[in-house]
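Numbering of residues begins at 1 and proceeds along the displayed sequence. Any value given below was found using the heavy atoms of this structure, including those in side chains, with hydrogens, waters and symmetry copies removed.
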Amino acid sequence: MAEATFEIISGPDKPEMLWSLQYPNRGQSVQFKAPDASIEAVITRMDELPDGLSFFIVGTISSGDYQGKLLSGTYNFGDRRGQFSVG
């Protein structure tokens, strides 16, 4: 069961996300905004969904209360919104 869920209202564009995915050893992270939180994460996997704009995202939170926890969920590059679960 997830420790927390976040409704993402703003986040990175696709090139920024790919940069994090391609260079995890450099600590390249991306930042997502939820209504009451900011989430910084290193992306470890992106799987494209059938609509071509949405992706299933997996990563690790790199700062804050959930640092080191697994992050997963869907994110849409068209409107830069999504939903993530932590834990």
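- Taking both residues in full, the closest heavy atoms of Ser38 and Gln31 are given as OG-NE2, 2.9 Å, listed atom of the first, atom of the second, then distance.
- The shortest heavy-atom contact between Tyr75 and Pro12 is OH-O, 2.7 Å.
- Under the 4.5 Å side-chain heavy-atom criterion for Ile, Leu, Val, Met, Phe, Trp and Tyr, Met46 and Leu70 are members of distinct hydrophobic clusters.
- Of all the heavy atoms in Arg45 and Asp47, the pair that sits closest is NE-OD2, 2.7 Å.
- Put simply, NZ on Lys69 and OG on Ser85 are 13.5 Å apart, with the number rounded to the nearest 0.5 Å.
- The line from CZ of Phe55 to CE of Met17 is 9.0 Å long, rounded to the nearest 0.5 Å.
- For the pairing with Val30, the side-chain contact (heavy atoms from CB on, under 4.5 Å) check across Ile43, Ile39, Val42 returns one residue only, Ile43.
- Lys33 NZ to Arg81 CZ: the interatomic distance, rounded to the nearest 0.5 Å, is 13.5 Å.
- Pairing each heavy atom of Ala4 with each of Tyr66, the nearest pair is CB-OH, 3.4 Å.
- Hydrophobic clustering (side-chain heavy atoms under 4.5 Å, transitive across Ile, Leu, Val, Met, Phe, Trp, Tyr) keeps Leu53 apart from Phe56.
- A tilted orientation is assigned to the rings of Tyr23 and Trp19, their planes being inclined by 30° to 60°.
- Atom OG1 of Thr74 sits about 7.5 Å away from atom CZ of Phe84, to the nearest 0.5 Å.
- Across every non-hydrogen atom of Ala41 and Ser20, the tightest pair is O-OG, 4.1 Å.
- The shortest non-hydrogen separation linking Ile8 to Arg80 is CG2-O, 4.3 Å.
- Within a 6.0 Å radius of CG in Asp65, no more than 12 heavy atoms belonging to other residues, nucleotides or ligands are found.
- Summarising the geometry, atom CG belonging to Asp79 is positioned 7.5 Å from atom OG belonging to Ser54; distances are rounded to the nearest 0.5 Å.
- Heavy-atom neighbours of Asp36 CG from other residues, nucleotides or ligands within 6.0 Å: at or below the threshold of 12.
- Summarising the geometry, atom CZ belonging to Phe6 is positioned 9.0 Å from atom CG belonging to Leu71; distances are rounded to the nearest 0.5 Å.
- Leu21 and Ile57 fall within the same hydrophobic cluster, defined by Ile, Leu, Val, Met, Phe, Trp and Tyr side-chain heavy atoms under 4.5 Å apart, directly or through other members.
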